[in-house]
Number of protein chains: 2
Amino acid sequence: MRSETYSRDRYHHGNLPEVLIDEGSKVLAEKGIDGFSMREVARRAGVAVAAPSHHFGNAKGLLTAIAAQGFGKLAKNMELAATASRDSEDRVVAMCQAYRAMGMSDPGYAAIMFRVELVDESDQRFQEQAARAFGLFEEALERAASRSVDAAQISYAARTLWATMHGLVDLKMIKDQEAEELIRFAVRTLLAGIR
Amino acid sequence: MRSETYSRDRYHHGNLPEVLIDEGSKVLAEKGIDGFSMREVARRAGVAVAAPSHHFGNAKGLLTAIAAQGFGKLAKNMELAATASRDSEDRVVAMCQAYRAMGMSDPGYAAIMFRVELVDESDQRFQEQAARAFGLFEEALERAASRSVDAAQISYAARTLWATMHGLVDLKMIKDQEAEELIRFAVRTLLAGIR
DNA sequence: ATTAATATCTGAACGATGATCAGATTGAGA
DNA sequence: TCTCAATCTGATCATCGTTCAGATATTAAT
């Protein structure tokens with residue numbers, strides 16, 4: 001019985017990058033960004049303090065990789081949530097709920113995914129995953145809007161609603177009991193506004 | 001000619017707390033939250049590293065004080081912006097613009113004012129200033145809405161728009177040339193939605 | 001005016017962190 | 001099998017936040 005999470009009997013770990021991402025997101029979930037450190041992650045992975053740098057360059061690199069994974073999860077959750085409804089407005093609401101759920105239940109990811117100063121936004125994989133999540137969102141909104149709405153309006157609406165959800169979650173403005181109602185309010189007023 | 005910003009000839013500084021807040025916000029503006037440190041602020045104030053702790057407890061305490069001052073500035077800017085217009089919708093837009101202007105031109109404040117993990121939200125002065133800014137916002141929105149809209153709707157709308165502005169600024173989703181248009185879009189659709 | 005109490009600041013220390021670098025170890029391809 | 005690149009270690013460095021005893025100044029009380 002070893003107290004460390006991962007064995008250290010081999011000099012070469014095998015799949016250190018993945019393990020570091022996993023352990024890193026666990027640390028974030030448990031202690032938040034304040035309790036996060038490269039050394040802590042290295043400890044949990046049972047590896048020397050300098051090892052992570054070889055794969056991710058620096059702390060920002062690891063956080064960026066975790067954030068990219070987070071956006072991948074968000075996209076998946078949003079897709080899943082959307083399939084539950086047939087009504088196009090309901091689908092947008094469901095996606096917003098997925099966004100909220102991730103921000104609330106997975107505080108580790110939420111704490112860094114949108115933190116410009118913590119993440120390297122120029123990272124390709126990060127951009128891909130973030131764009132994928134936002135793309136799903138935009139698409140769903142486009143379907144919920146009437147056909148007569150032009151592209152510029154749709155773009156405005158998508159960005160506005162995305163920003164709204166981000167704000168509501170980031171500022172913790174959604175109380176659990178009224179989440180459904182408040183989100184639906186935001187979606188409905190926006191759709192009503194562009195129709 | 002002294003290189004230090006403040007003299008150190010007196011053992012007792014006189015108004016250290018204010019100076020620390022000033023220097024702290026300057027550091028934030030220049031180097032962002034990454035470059036911010038108690039030691040750096042102490043250096044600029046020409047004071048021992050331990051001095052700030054006596055007034056603000058810890059780093060979070062100083063950041064909280066700076067953030068509170070930031071909300072005070074924001075409230076002032078919003079009030080000022082609102083007086084420029086007579087139309088109630090225009091006033092809401094002007095307030096949003098003030099919000100945005102602060103987020104963009106004063107990145108030092110924006111970097112911490114809404115960062116839960118950096119700030120002590122239970123701090124009284126912080127709460128007061130933040131509530132004041134939001135209160136102005138809520139009030140302006142209430143005036144812009146028609147009289148038939150009930151209080152719950154107004155509350156939803158205020159929170160939604162505040163969140164939207166926060167999201168747009170935080171995620172840097174507003175490009176300069178379309179700022180006016182996008183903000184007006186957000187305000188107008190929201191008002192249209194609740195009318 | 002003198003003294004006591006309080007507020008303010010110093011200087012040195014401690015533990016922890018991110019980053020760097022030479023060198024050890026391993027695995028993959030010639 | 002041998003070579004070379006990839007991977008990881010261990011030690012080091014500068015910096016950071018915080019703490020604490022003690023020095024200095026201000027205020028209040030006598």
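Reminder, nothing fancy here: chain letters follow the sequence lines and each chain counts from 1.
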Inspect the contact between A:Glu117 and A:Lys60 and indicate whether a charged nitrogen and a carboxylate oxygen are less than 4.0 angstrom apart.
-> no
Is a salt bridge present between A:Glu79 and A:Lys76, judged by a nitrogen-to-oxygen distance below 4.0 Å?
-> no
From [atom1] of [X] over to [atom2] of [N], roughly how many Å is that when rounded to an integer?
{"X": "B:Leu118", "N": "D:dG17", "atom1": "CG", "atom2": "P", "value": "12 Å"}
{"X": "B:Asn58", "N": "D:dT19", "atom1": "CG", "atom2": "P", "value": "8 Å"}
{"X": "B:Leu20", "N": "C:dT8", "atom1": "CG", "atom2": "P", "value": "12 Å"}
{"X": "B:Leu62", "N": "D:dG17", "atom1": "CG", "atom2": "C1'", "value": "13 Å"}
{"X": "B:Asp34", "N": "C:dG18", "atom1": "CG", "atom2": "C1'", "value": "12 Å"}
{"X": "B:Phe56", "N": "C:dA7", "atom1": "CZ", "atom2": "P", "value": "17 Å"}
{"X": "B:His55", "N": "C:dT10", "atom1": "NE2", "atom2": "P", "value": "9 Å"}
{"X": "A:Asn15", "N": "D:dT7", "atom1": "CG", "atom2": "P", "value": "12 Å"}

Please work out which of the three classes, parallel, tilted or perpendicular, describes the rings of A:His166 and A:Phe114, given edges at 30° and 60°.
-> tilted
With respect to the side chain of [X], which nucleotide from [options] is positioned closest?
{"X": "A:Arg39", "options": "D:dT9, D:dT12, D:dG17", "result": "D:dT12"}
{"X": "B:Ala59", "options": "D:dC8, D:dG17, C:dG11", "result": "D:dG17"}
{"X": "B:Ser53", "options": "D:dC8, D:dT19, D:dA11", "result": "D:dT19"}

Any side-chain N or O of B:Ser37 under 4.0 Å from OP1/OP2 of D:dC16?
-> yes
Among A:Val187, A:Leu191, A:Ile183, whose side-chain contact (heavy atoms from CB on, under 4.5 Å) with A:Leu161 holds?
-> A:Val187
Ignoring hydrogens and angles, does a donor from either the side chain of A:His54 or the base of C:dT20 sit under 3.5 Å from an acceptor on the other?
-> no
